[in-house]
Amino acid sequence: MFNNLSDKLDKALHVLKGHGSITEVNVAETLKEVRRALLDADVNFKIAKEFTKRVKEKALGQNVLTTLQPGQLMVKIVKDELTELMGGDAEGLNLSGTPSVILMSGLQGSGKTTFSGKLANYLKNKKTKNPLLVACDVYRPAAIDQLHVVGDQIGVEVFSDRGNNDPVAISKAGIAHAKANGHNVVIIDTAGRLAVDEVMMTEISNIHKAIQPQETLFVVDSMTGQDAVNTAKTFNDVLNFDGVILTKLDGDTRGGAAISIKSVVNKPIKFIGTGEKMEAIDVFYPSRMADRILG
Ligand code: GDP
């Protein structure tokens, strides 16, 4: 995961990790390299620039050059800032409702259906949760089939209403079904399109208003880099969502989305998808991710 970024940051911090004398000049050089590594990872220019500015300020504030182990302190400052940039503390799901309703949003192909299954499976394994999946993609019968396949695979019931083309009505009926049948979590999988368009945004916004979910999650393919961040902004402007799900982190993704998304929409990344299998889901811990990136 993020091998390229890790290598570049490792190289950038190499001088400081060594035992040679550290001067203002090589701190400045290092920060330049750190910035270049972030830009290469597809981190937005402004974010990368502010990042290195904050690291520099902290380094000056903590008198890095006069400490016993300036290199290690610099690495720690970079790690702390990276953690902060990705969200600080991990944030869980709000599962306070009876049932708790989780609305999935995102573009087609982002991994919504797969993640809906993963999340249902994750919650089911918590024993106290009895999730229901609801299929609200009224445009693609294959999407409904796909959710049923996923549901069968993990042993979770799927509510669908083929022929009904009103996603608001289906989601409401799904919640009513959950109430009547003892499901304490409802995960609503919605229709996405290949690109942001008004029809999709109006539809998801209508569902959101009608059901008032405890959690609205935005699912995004991390492989799409800066586009992921732009799409997140558009969805957040409409939905004011609660958290981000970053999928396909197992692929050859450069890391820009993971690093930038929080500071653009100011919403936490809650989970990551790391494969096609139902078990490939992880809670997102910014500090662990920073450790991983900085090796
Ligand atoms: P949706 O259109 O948003 O519902 O997206 P899907 O759930 O159908 O996912 C689109 C494709 O991405 C499928 O082939 C999934 O198997 C794949 N996929 C979803 N999540 C992940 C992931 O975390 N890693 C990988 N490698 N593939 C994923």
Side-chain angles (χ1 to χ4, degrees), residues 1-4 86 102-123 131-154 156 158-160 162 167 170-171 174 186-197 199-201 203-204 207-208 213 215-225 227-232 234-236 238-239 241 243-258 261 269-285 288-289 292:
M1 201 183 284
F2 309 158
N3 289 340
N4 201 19
M86 289 190 289
I102 303 174
L103 178 65
M104 311 300 300
S105 66
L107 295 180
Q108 187 179 318
S110 59
K112 277 187 310 301
T113 303
T114 307
F115 185 79
S116 298
K118 287 179 183 177
L119 185 60
N121 192 42
Y122 172 89
L123 292 172
L132 174 73
L133 285 160
V134 178
C136 271
D137 188 340
V138 295
Y139 308 101
R140 296 186 310 134
I144 301 177
D145 297 340
Q146 189 191 347
L147 197 63
H148 276 281
V149 169
V150 161
D152 286 347
Q153 213 177 318
I154 57 176
V156 167
V158 175
F159 179 90
S160 63
R162 287 173 211 273
I170 301 171
S171 49
V186 183
I187 299 170
I188 299 181
D189 186 21
T190 61
R193 287 168 190 252
L194 291 173
V196 170
D197 76 18
V199 177
M200 173 180 64
M201 296 318 280
E203 177 176 305
I204 188 82
I207 300 174
H208 184 252
E215 280 283 339
T216 302
L217 299 176
F218 168 69
V219 181
V220 68
D221 178 344
S222 60
M223 304 284 283
T224 58
D227 272 351
V229 179
N230 297 334
T231 314
T234 309
F235 272 81
N236 194 46
V238 173
L239 294 176
F241 56 65
V244 177
I245 310 300
L246 213 50
T247 63
K248 309 185 196 180
L249 275 181
D250 51 309
D252 189 21
T253 166
R254 286 187 284 172
I261 231 162
I269 299 171
K270 294 199 171 181
F271 288 92
I272 55 175
T274 54
E276 294 185 85
K277 296 216 169 80
M278 283 297 114
E279 296 73 31
I281 167 174
D282 280 307
V283 172
F284 182 75
Y285 294 104
R288 283 190 206 170
M289 189 58 84
R292 218 158 155 169

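Start at 1 and go down the list; that is how both ligands and their atoms are numbered.
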Open item on the list: Give me the residue, atom name and distance of the protein heavy atom closest to atom 24 (N) of ligand 1.
Closed with: Asp250 OD1, 2.8 Å

Task: Atoms in ligand 1 with a heavy atom of Gly273 nearer than 4.0 Å - done: 23 (O)

TODO: Please name all residues satisfying ring-ring contact (aromatic ring centres under 6.0 Å, His included) with Phe2, sequence neighbours left out, ordered by chain then number.
DONE: none

- [ ] Give a yes or no on whether the backbone of Met104 and the side-chain of Thr190 come within a donor-acceptor separation of less than 3.5 Å.
- [x] yes

Task: For atom 16 (O) of ligand 1, the protein heavy atom that lies nearest, with its residue and separation - done: Glu276 OE1, 2.7 Å

Task: Nearest neighbour in protein (non-hydrogen) for atom 22 (C) of ligand 1 - done: Gly275 O, 3.1 Å

Open item on the list: Just verifying a value: how many Å separate Phe235 CZ and Thr216 OG1, rounded to the nearest 0.5 Å?
Closed with: 11.5 Å

- [ ] Quick one: look up the protein heavy atom nearest atom 2 (O) of ligand 1 and list residue, atom name and how far away it is.
- [x] Gly109 N, 2.7 Å

TODO: Using a strict 4.0 Å cut-off to heavy atoms of Gln146, name the atoms of ligand 1 that fall inside it.
DONE: 6 (P), 7 (O), 8 (O)

- [ ] List the atom of Asp250, the atom of Gly273, and the distance in Å for their closest heavy-atom pair.
- [x] OD1-O, 4.1 Å

Open item on the list: For Arg162, I'd like to know if atom CZ has over 12 heavy atoms of other residues, nucleotides or ligands within 6.0 Å.
Closed with: yes

Task: atom 3 (O) of ligand 1 - nearest protein heavy atom and its distance - done: Lys112 N, 2.8 Å

Task: Identity and distance of the protein heavy atom lying nearest atom 18 (N) of ligand 1 - done: Lys248 CE, 3.8 Å

Task: Taking every non-hydrogen atom, the tightest pair across Leu133 and Gly151 - done: CD1-CA, 4.3 Å

Task: Gly106 backbone acceptor or donor facing Lys112 side chain under 3.5 Å - done: yes

Open item on the list: List ligand 1 atoms under 4.0 Å from Thr274, heavy atoms only on the residue side.
Closed with: 23 (O)

Open item on the list: Leu249 versus ligand 1: do any nitrogen or oxygen atoms come within less than 3.5 Å of each other?
Closed with: no

TODO: Give the residue, atom name and distance (to 0.1 Å) of the protein heavy atom nearest atom 5 (O) of ligand 1.
DONE: Gly111 N, 3.0 Å

Task: Heavy-atom pair of closest approach, residues Thr224 and Val220 - done: OG1-CG2, 4.4 Å

Task: salt_bridge(Asp282, Lys118) N-O dist < 4.0 Å - done: no

Open item on the list: Could you tell me, atom by atom, which parts of ligand 1 come under 4.0 Å of a heavy atom of Leu107?
Closed with: 3 (O)

TODO: Indicate yes or no: does an N/O atom of Thr247 lie under 3.5 Å from an N/O atom of ligand 1?
DONE: no

Open item on the list: Ignoring hydrogens, what is the shortest heavy-atom contact between Leu246 and Ser222? Give both atom names and the distance.
Closed with: CG-CB, 3.8 Å

- [ ] Determine whether the side chain, the backbone, both or neither of Lys118 has a heavy atom under 4.0 Å from any heavy atom of ligand 1.
- [x] side chain

Task: atom 7 (O) of ligand 1: nearest protein contact (heavy atom, Å) - done: Thr114 OG1, 2.6 Å

TODO: Answer with yes or no whether Ala280 contacts ligand 1, where contact means a heavy atom under 4.0 Å from a ligand atom.
DONE: no

